[in-house]
Amino acid sequence: QVQLVESGGGLVQPGGSLRLSCAASGNIFDLTIMAWYRQVPGQQRDLVASFTRSGSFYYADSVKGRFTISGSNTKPAFYLQMNSLKPEDTAVYYCSGRGETGTDYWGQGTQVTVSS
């Protein structure tokens with residue numbers, strides 16, 4: 001079992017930055033893929049960015065060049081650095097990890113609001 005907890009969301013003005021953190025506990029070394037998703041009320045949950053233990057990265061077109069996903073070498077956590085934020089980035093952001101058996105783990109979500 002793996003538990004994931006997000007932090008770092010909040011209210012930011014357009015053009016600003018936020019860094020989301022996902023703290024993991026449990027068998028984190030079982031995770032083969034780590035990712036960030038976001039969801040707007042009434043819409044599906046969309047993949048924003050992901051990376052694998054083998055070093056492959058993915059970014060949605062809407063965030064390329066603005067968001068960066070990364071892991072930590074010193075603690076069981078991964079991050080999403082969000083720069084040049086736009087109002088359309090407003091959503092609840094979820095971190096997720098996929099285990100070696102294919103089980104998906106989810107955090108509880110953190111609200112990001114981009115507004116002046």
Side-chain angles (χ1 to χ4, degrees):
Q1 286 289 332
V2 176
Q3 295 79 43
L4 303 175
V5 179
E6 303 97 338
S7 61
L11 173 64
V12 63
Q13 293 186 342
S17 298
L18 281 176
R19 187 191 194 212
L20 304 184
S21 299
C22 183
S25 60
N27 296 326
I28 60 164
F29 296 106
D30 287 344
L31 296 181
T32 58
I33 302 173
M34 285 147 278
W36 287 93
Y37 288 75
R38 65 187 181 188
Q39 187 171 26
V40 175
Q43 298 185 18
Q44 67 181 18
R45 190 172 296 186
D46 293 325
L47 177 62
V48 174
S50 67
F51 71 102
T52 68
R53 290 205 175 274
S54 60
S56 297
F57 289 79
Y58 165 85
Y59 292 96
D61 287 343
S62 59
V63 306
K64 281 180 182 177
R66 301 188 298 122
F67 290 12
T68 302
I69 190 171
S70 63
S72 172
N73 292 325
T74 59
K75 59 180 67 175
F78 57 101
Y79 310 95
L80 185 69
Q81 177 67 42
M82 306 187 294
N83 299 327
S84 303
L85 282 161
K86 305 175 181 180
E88 51 264 43
D89 294 318
T90 296
V92 177
Y93 284 72
Y94 298 88
C95 65
S96 175
R98 175 163 293 179
E100 292 178 338
T101 60
T103 300
D104 288 329
Y105 302 96
W106 294 91
Q108 81 287 353
T110 185
Q111 177 70 46
V112 171
T113 302
V114 184
S115 175
S116 56

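A donor-acceptor pair is defined here as one N or O able to donate and one able to accept, closer than 3.5 Å; such a pair exists between the side chain of Ser96 and the backbone of Tyr105. At least one donor-acceptor pair under 3.5 Å links the side chain of Arg53 to the backbone N or O of Leu31. Side chain of Glu6 to main chain of Gly109: a donor-acceptor pair is present (N/O by atom type, distance under 3.5 Å, no hydrogens or angles). Looking only at distances, a side-chain donor or acceptor of Arg66 sits under 3.5 Å from a matching main-chain atom of Ser84.
Taking all atoms of both residues into account, the shortest heavy-atom contact from Glu100 to Thr32 is CG-CG2, 3.6 Å. Contact detail for Tyr93 and Asp89: the closest heavy-atom pair is OH-O, 2.6 Å. Here the closest heavy-atom approach between residue Leu4 and residue Gly97 is recorded as CD1-N, 3.6 Å.
Note on Lys64 versus Asp61: salt bridge recorded, some NZ/NE/NH1/NH2 to OD/OE distance being below 4.0 Å.
The side-chain hydrogen bond (donor to acceptor under 3.5 Å, both in side chains) check on Thr101 picks up Thr103, with sequence neighbours excluded.
A 4.5 Å side-chain heavy-atom check between Lys75 and Ser21 finds every atom pair outside the cut-off. Ser17 has its side chain within reach of Gln81: a pair of non-hydrogen atoms, C-beta onward, lies under 4.5 Å apart. Looking at Gln111 and Thr90, their side chains come closer than 4.5 Å, going by heavy atoms from C-beta outward. The closest side-chain heavy-atom distance from Pro87 to Pro14 is below 4.5 Å. Contact of the Val63 side chain with the Met82 side chain is not registered, since no non-hydrogen atoms from C-beta on lie closer than 4.5 Å. The shortest side-chain heavy-atom distance between Tyr58 and Thr52 does not fall under the 4.5 Å cut-off. Here the side chains of Phe67 and Trp36 are not in contact, with every heavy-atom distance at 4.5 Å or above.
Both Leu20 and Val12 are part of a single hydrophobic cluster, where members link through side-chain heavy atoms under 4.5 Å apart. Met34 and Val5 are assigned to two separate hydrophobic clusters, defined by single-linkage of ILVMFWY side chains at heavy-atom distances under 4.5 Å. Linking Ile, Leu, Val, Met, Phe, Trp and Tyr whenever their side-chain heavy atoms come within less than 4.5 Å puts Leu18 and Ile69 in one cluster. Residues Leu47 and Val92 fall within the same hydrophobic cluster, defined by Ile, Leu, Val, Met, Phe, Trp and Tyr side chains chained together at heavy-atom separations under 4.5 Å. No single ILVMFWY cluster, assembled from side-chain heavy atoms under 4.5 Å apart, contains both Val114 and Tyr37.
Atom CD of Gln3 sits about 12.0 Å away from atom CD of Gln108, to the nearest 0.5 Å. Distance CZ/Phe78 to OG/Ser72: 11.5 Å, rounded to 0.5 Å.
Annotation: Gln1, atom CD; neighbour count of heavy atoms from other residues, nucleotides and ligands within 6.0 Å does not exceed 12. The local environment of CZ in Arg45 is crowded, with over 12 non-hydrogen atoms from other residues, nucleotides or ligands closer than 6.0 Å.
A ring pair (Phe, Tyr, Trp, His ring centres under 6.0 Å) with Phe51 is found for exactly one of Phe57, Tyr79, Tyr59, namely Phe57.
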